[in-house]
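Single-structure report; data block below.
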Amino acid sequence: MSVLAHVPTAQGQPASPPAARRSRHRLLPYLLLLPGAAWLFLFFAVPLVQLAAASLYDPSGSLSTGYALTWAFGNYPTALQAYWPQFGRSFLYAGIALVLALLMGYPLAYAIAQKAGRWKNLLLVCVIAPMFTSFLVRTLAWKTILSDNGWLVGLLRDVHLLGPDGRLLATPIAVVLGLTYNFLPFLVLPLYASLERLDYRLLEAASDLYASPLRTFRRVTLPLSMPGLVAGTLLFFIPATGDYINAELLGTPKEYMIGNVIDSAFLVRLDYPQGAALSFLLMSAILVVVFVYLRRAGTEDVL
C-alpha cells in the first residue's frame, strides 16, 4: 500500500478528493450537454418522427376527412416514380453549382488567408455581407440582374455570346447561378479557416526542394486544406440540393427541383403523405451521397 495515500493535506484532509466531488466532476460534461440535447430532441427528433409517420399515412386521406396511419410504404416508390426527374435535376444543379463555387471560392479563400495582409478582415466582411440581407431579397436581385432588359444580357448580346432573342432568366443557367451565389459563403468560410492555419514555411520548403507551384499545391496545400474543403462542400451541397427559392424565382416549372415539389405537396396540394415521403427520400439520397463522398475523401472520421 502506498504511503502517499495516508499523507494529509495542510488542512488535515485526505489528499484524494471526496467521492461525491469526483462524481459531480464526471457528471458535469453531461449536464452541459442537456440544453443542446433537449433542443435537438424537441425540434429535430420529434418532428422527424412525426414526418416519418406522415409518410406512411393512407394516401386517400385528406385534411377534411383526416389521415390514418396505415403503414403505406407504397408512398415511397409512388413518389419516386412520379418525381424522379426533379430528383435528378436537384443533384445535377447542385453539383454544377458546387463546381463553379469551388473554382471561385478556393482561390478567393486562399487569397484572403495567405495574401490579403491588412485587408483580410475587410475581404471577409465582403464575403459575409450578402448574408446580412434576406435570402429572398438576394435572389430577387439576381432576377433583376438576369432580366432580358438587364445590363448583363445586353452585354452578352453585344459580344455575340447570346443571340438577339437569347436570355438568361427562366433558364437552368439562372438557377445554377443563383445557387452558386447564395451558398458561396458557406464554402469560402470553412476553406478560409483551414488555409489561414496553413504554415507558409511548408510552401517555402517545397519551393526550395524544386517543386513546381502545381506540385506544391497538389502535395502540400490541398491535403492540408482538406478538412475545410470537405466541410465547405457539404455545407454548400446539402442546402443547395434541397433549395426551391432559386428555381421558383429564377426558373420555370421546367427547372423545378425536388424542393419545389415538396413545397407544393405540403402547401398547395395538401398531400402530406407524398410530401413527407419525398422529404425522406431526399434526406436518404443526400446521406448516401455524403457518405460516399466522405469515404472517397478519406475522412471517415468526420462522421
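Minimum heavy-atom separation, Ala231 to Pro190: CB-CB, 4.2 Å. Closest approach of Ala277 and Ala79 over heavy atoms only: CB-CB, 4.4 Å. The two residues Val175 and Met257 make their nearest non-hydrogen contact at CG1-SD, 4.2 Å. Of all heavy-atom pairs between Gly275 and Ala265, the closest is CA-CB, 3.7 Å. Residue Leu179 comes nearest to Ala240 through the heavy atom pair CD2-O, 3.9 Å, listed as atom of the first residue, atom of the second, then distance. A pairwise comparison of heavy atoms in Val220 and Ala206 identifies CG2-CB, 4.3 Å as the closest pair.
Between Tyr272 and Phe266, the ring centre distance stays below 6.0 Å.
Judged by distance alone, with hydrogens and angles left aside, the side-chain atoms of Thr139 form a donor-acceptor pair with the main-chain N or O of Phe135 at under 3.5 Å. Counting only distance, with no hydrogens or angles, the side chain of Arg89 and the backbone of Tyr256 share a donor-acceptor pair below 3.5 Å. Not one N or O on the side chain of Ser264 forms a donor-acceptor pair closer than 3.5 Å with the backbone of Asn260. Between the side chain of Asn75 and the backbone N or O of Ser55 there is at least one donor-acceptor pair closer than 3.5 Å. Remark: side-chain polar atoms of Ser194 are not paired, donor with acceptor, to backbone N or O of Leu191 under 3.5 angstrom. A donor-acceptor distance shorter than 3.5 angstrom exists from the side chain of Glu255 to the backbone of Thr252, with no hydrogens or angles considered. A donor-acceptor distance shorter than 3.5 angstrom exists from the side chain of Gln114 to the backbone of Leu195, with no hydrogens or angles considered. Formation of a donor-acceptor pair under 3.5 Å by the Arg138 side chain with backbone atoms of Pro130 is found in this model. Using modelled atom types, one side-chain atom of Thr241 and one backbone atom of Phe237 make a donor-acceptor pair closer than 3.5 Å.
When hydrophobic clusters are built by joining Ile, Leu, Val, Met, Phe, Trp and Tyr residues whose side-chain heavy atoms come closer than 4.5 Å, directly or via intermediates, Ile238 is grouped together with Phe44. Tracing side-chain contacts under 4.5 Å through hydrophobic residues (I, L, V, M, F, W, Y), one never reaches Met104 starting from Ile145; they form parts of separate clusters. When hydrophobic clusters are built by joining Ile, Leu, Val, Met, Phe, Trp and Tyr residues whose side-chain heavy atoms come closer than 4.5 Å, directly or via intermediates, Leu270 is grouped together with Leu51. Linking ILVMFWY side-chain heavy atoms closer than 4.5 Å, directly or via other members, places Leu80 and Ile258 in a single hydrophobic cluster. A chain of hydrophobic side-chain contacts below 4.5 Å, direct or via other Ile, Leu, Val, Met, Phe, Trp or Tyr residues, connects Leu281 to Phe73.
We find the CZ-OH distance between Phe217 and Tyr110 to be 9.0 Å, quoted to the nearest 0.5 Å. Expressed to the nearest 0.5 Å, how far OH of Tyr244 lies from OG of Ser90 amounts to 13.5 Å. Once rounded to the nearest 0.5 Å, the distance linking CG of Leu250 with CH2 of Trp142 reads 9.0 Å. With rounding to the nearest 0.5 Å, the separation of CG in Leu156 from CH2 in Trp151 is 8.5 Å. One distance of note links CZ of Arg269 with OG of Ser62; it measures 14.0 Å at 0.5 Å rounding. Taking NZ from Lys120 and OH from Tyr192, the interatomic distance works out to 4.5 Å, rounded to the nearest 0.5 Å.
Taking the side chain as every heavy atom from C-beta outward, Thr221 and Tyr106 approach each other to under 4.5 Å. When side chains are defined from C-beta on, Tyr83 counts as touching Gln274, because their heavy atoms get closer than 4.5 Å. Residues Leu168 and Asp148 fail the side-chain proximity criterion, which asks for heavy atoms closer than 4.5 Å. A 4.5 Å side-chain heavy-atom check between Leu234 and Leu294 finds at least one atom pair inside the cut-off. A 4.5 Å side-chain heavy-atom check between Phe87 and Leu278 finds at least one atom pair inside the cut-off. The closest side-chain heavy-atom distance from Ile96 to Thr180 is not below 4.5 Å. The shortest side-chain heavy-atom distance between Leu56 and Tyr76 falls under the 4.5 Å cut-off. A heavy-atom distance below 4.5 Å is not found between the side chains of Phe291 and Arg296.
Ring pair Phe236/Phe183 is perpendicular by interplanar angle, where above 60° counts as perpendicular and below 30° as parallel.
Atom CG of Leu162 sits in a crowded spot, with more than 12 heavy atoms from other residues, nucleotides or ligands closer than 6.0 Å. More than 12 heavy atoms of other shown residues, nucleotides or ligands fall within 6.0 angstrom of atom CG in Asp158.
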Given Arg218 and Leu214, is the side chain to side chain contact (heavy atoms under 4.5 Å, CB included) satisfied, shown in steps? CA-CA 6 Å; Arg218 187 169 59 88; Leu214 180 60; 5.6 Å; no
Assess the residue pair Leu177 and Leu146 against the criterion (side chain to side chain contact (heavy atoms under 4.5 Å, CB included)); give the C-alpha distance rounded to whole Å, side-chain angles, the decisive distance to 0.1 Å, and a yes or no. CA-CA 10 Å; Leu177 288 177; Leu146 301 175; 4.2 Å; yes
Apply side chain to side chain contact (heavy atoms under 4.5 Å, CB included) to Leu189 and Leu235, showing your working. CA-CA 10 Å; Leu189 294 179; Leu235 289 174; over 6 Å; no
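Take Asp243 and apply the side-chain hydrogen bond (donor to acceptor under 3.5 Å, both in side chains) test, not counting sequence neighbours, and it matches Asn246.
Inspection of the Thr233 and Tyr293 side chains reveals an N or O donor paired with an N or O acceptor under 3.5 Å. Using modelled atom types and a 3.5 Å distance limit, the side chains of Ser60 and Asp58 yield a donor-acceptor pair.
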